[in-house]
Amino acid sequence: MVLCLSAVLTLALVACGGGETSAPAKAAQAFARAMSGQDVAAASDLTTSPSQAAETLGETFAGMHARTVDAQVLDTVEYSDGTASFVLRTRWSWPDDREFTTKTNGSIRRLESGWRVQWDPALLNTGMPVGGRLQLIRTDATPAPTVRSASGKAFMQMQPVNEIMINPAATRNLQRSVNALAAALKPIAPLITAKVINDKIADANGGQTLAVTLRDPDMKVLAADPERIAGVTVVKTGMLVMSDRRISTPLATGLTNYWQAVRDATAGWQVQQAAPGEAPQRLAGEQGRPGPDIMTTVNQQEQLALGDAAVEVAQPATIMSFDAKSGAILGMAQNSAAGDKRILADVAYPAGSTLDPVFDAIDKNAKTKDAATGQMQHLGLGLTFAVPGVAAPEGEPSGSIQAASFRPQNFTATMLNMGALGVAVARSLDGGSDSVAPYLIKGSPTKVTGGKLGAMNDQTVRRIAAAMATTARSGDASDISGAPGLRALVGTNGPEGPGWFVGISGGKVLVVYCEDARSGTAALQVAQKYYRLT
């Protein structure tokens, strides 16, 4: 039997240790169970100030987004004045064995409604002030990786940018704010008109909307300070952007995804105590080392030339170039019409008559259906290339091989397939025997599915090369100049396209893909512009 002091002291001890079955102990344990269940309503209702507790607990549970919370009452002590004290241990857990544990002191009071936990934010962390909360944040290692071109120069790098946001709920006259913002942006972003901003707001269902993202130098050119406009705020952040503002490429999406994956792999974490008017206080966390720079095969001068060539025609036009020996992707560009249609390097499109010389050559040398299929695959056709750094859509397989006299019907190919074909022919002409997969990031091999690359049939490749030489010399590509030793495949899928051009010249393989009417002519025009520029 435990002897307790009586009314000699103002706070006389009634039960200590071992009081797990007492009323105050049960109240503390109920609170701990609600905490463990991340049940804001249940936990706050067990306190003396449910509304204040609900606000802090709600913000903390949301900010910590823990996989599990394990709250345990370690000890309860009851006093004769109708109060009790307890020790609460709270363990927050996340994937990858991340944990954060606090041990705090709390008190319990006996009210008319029963025993209740005296609400105090310090129950979550010792010393936490009113209005404070706990939060888990991601931390990124510095410096951020740089995406580099084949020469080692920066191709894409993280730079500070300014996200100009407009919140319709924060302005009494939304249209006036939209008009003022469009006017402020006009010197640097004339395409971001009032209509464009209104459309973005509509797409965001009337919520806070990103109007435009600008670099720091761009902010100095604005006609007015956006933050002086009602409802407009400027959020400073970091973004992976092109080092050379003249360059625009569809490869940016895939490279950004790869860069982000590197950042994710090296990301750290930090538990903070945050309170209004105070800098966040670090309580726990770890930080990984900075990720390595991403070395690509992109040639920046080549990329500029591709971009200038892509805008030669009004039809949707996309152009890629590859190193003829290694299959390395040197660059990719497209005009705005192709960008609007989201034409991608690894989506299969109808080949039409473009590959007729290839299929004719295979037909003459393959004795069986399996042999024909193997020769096609060894040339890079009918395969799916998952190239790290090239955006991978959820698309169809890159080719449909249905042999009839070894001739595929309704055959489709990606620009990567066409590039691999051109590289295979170029490598064979240079004495090589095996085909290779295209790639973009050095040290990150391409995954090939749907078949295998391999040894090329020498007779088949010779026939293809001869047909390509004839096309360049006296066929549809005969008007192209500035491409010494050109060998080419040219074709369409009918009057409405698409149209293709695959050319081998100067140690490079060029692939042009165009859509809509007269797309075959458009593909030749884009190729001609490229060869004039290079």
Side-chain angles (χ1 to χ4, degrees), residues 38 58-70 90-102 124-125 128 132-149 152 154-163 165 208 210 213-216 233-243 251-275 278-296 298 386-394 439-447:
Q38 302 190 53
E59 290 181 351
T60 292
F61 285 137
M64 293 288 270
H65 47 85
R67 181 174 61 182
T68 60
V69 176
D70 180 22
T90 308
R91 179 180 292 113
W92 306 79
S93 302
W94 299 270
D96 301 325
D97 298 324
R98 291 176 293 168
E99 286 189 353
F100 171 66
T101 301
T102 60
L124 297 176
N125 187 59
M128 179 182 285
R133 68 182 185 278
L134 297 179
Q135 61 186 18
L136 175 75
I137 66 165
R138 168 192 169 121
T139 59
D140 286 304
T142 55
T146 296
V147 179
R148 299 191 179 277
S149 64
F155 183 62
M156 301 176 73
Q157 57 193 137
M158 193 171 80
Q159 292 187 3
V161 295
N162 302 270
E163 294 181 340
M165 313 289 296
Q208 183 162 288
L210 174 63
T213 301
L214 299 178
R215 306 185 196 198
D216 284 349
T233 56
V234 178
V235 179
K236 291 189 174 294
T237 184
M239 179 181 293
L240 187 67
V241 298
M242 287 291 169
S243 300
L251 296 174
T253 300
L255 287 172
T256 299
N257 292 342
Y258 190 93
W259 175 86
Q260 189 61 56
V262 173
R263 293 274 278 173
D264 292 345
T266 58
W269 61 280
Q270 188 176 113
V271 175
Q272 295 179 336
Q273 176 178 293
E278 298 181 11
Q281 177 184 346
R282 181 186 184 278
L283 303 177
E286 294 179 359
Q287 179 59 63
R289 294 181 179 179
D293 286 350
I294 299 165
M295 311 304 294
T296 75
V298 173
V387 183
V390 175
E394 295 181 5
Y439 70 99
L440 178 62
I441 297 175
K442 297 176 182 179
S444 295
T446 295
K447 181 180 180 181

One pair to check against side-chain contact (heavy atoms from CB on, under 4.5 Å): Val69 and Thr90. What are the steps and the verdict? CA-CA 7 Å; Val69 176; Thr90 308; 3.9 Å; yes
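- Under the side chain to side chain contact (heavy atoms under 4.5 Å, CB included) criterion, Ala62 pairs with no residue, sequence neighbours left out.
- For the pair Lys236 and Asp216, the minimum side-chain heavy-atom distance is below 4.5 Å.
- For the atom pair CD (Glu163) and OG1 (Thr233), the distance works out to 9.5 Å, reported to the nearest 0.5 Å.
- Going from atom CG of Leu283 over to atom OG1 of Thr102 covers 9.5 Å, rounded to the nearest 0.5 Å.
- Atom CD of residue Gln159 and atom CE of residue Met242 lie 11.5 Å apart, to the nearest 0.5 angstrom.
- Across every non-hydrogen atom of Val298 and Ser149, the tightest pair is O-CB, 3.2 Å.
- For Asp293, the salt bridge (charged side-chain N to carboxylate O under 4.0 Å, His left out) partners at least two apart in sequence or on another chain are Arg148.
- The side-chain heavy atoms of Trp269 and Asp96, taken from C-beta on, include no pair separated by under 4.5 Å.
- Considering only heavy atoms from C-beta on, Met156 stays 4.5 Å or farther from Ile294 through its side chain.
- With a 6.0 Å radius and a threshold of 12 heavy atoms from other residues, nucleotides or ligands, Lys442 has its NZ atom above the threshold.
- Residues Trp92 and Thr60 are in side-chain contact: their nearest non-hydrogen atoms beyond the backbone lie under 4.5 Å apart.
- Trp259 is listed as a side-chain neighbour of Pro145, based on a closest heavy-atom distance under 4.5 Å.
- Here the options are Arg282, Gln270, Gln287, the test is side chain to side chain donor-acceptor pair (under 3.5 Å), and the partner is Thr139; only Gln287 passes.
- When all heavy atoms are compared, the tightest approach of Met128 to Arg133 is CE-C, 3.6 Å.
- Listed here is the closest heavy atom pair of Thr266 and Arg289: CB-O, 3.2 Å.
- Of the inter-residue distances, the one linking Leu440 atom CG with Met295 atom CE reads 12.0 Å to the nearest 0.5 angstrom.
- Taking CE from Met158 and CG from Leu240, the interatomic distance works out to 9.0 Å, rounded to the nearest 0.5 Å.
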Run the side-chain contact (heavy atoms from CB on, under 4.5 Å) check on Ile441 and Leu255 step by step: do they pass? CA-CA 9 Å; Ile441 297 175; Leu255 287 172; 4.2 Å; yes
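- Enclosure of atom CD in Glu99 by more than 12 non-hydrogen atoms of other residues, nucleotides or ligands within 6.0 angstrom is indicated.
- Annotation: side chain to side chain contact (heavy atoms under 4.5 Å, CB included) contacts of Gln260 (sequence neighbours excluded): Arg138, Arg263, Asp264.
- Of all non-hydrogen atoms in Gln272 and Pro280, the two that sit nearest each other are OE1-CB, 3.4 Å.
- Checked by atom type, the side-chain pair Gln157/Ser243 shows a donor-acceptor distance below 3.5 Å.
- Taking every heavy atom of both residues into account, Trp94 and Ala66 meet most closely at NE1-CA, 3.2 Å.
- Closest approach of Pro143 and Pro290 over heavy atoms only: O-CB, 3.6 Å.
- Going from atom CG of Leu134 over to atom CZ of Phe100 covers 6.0 Å, rounded to the nearest 0.5 Å.
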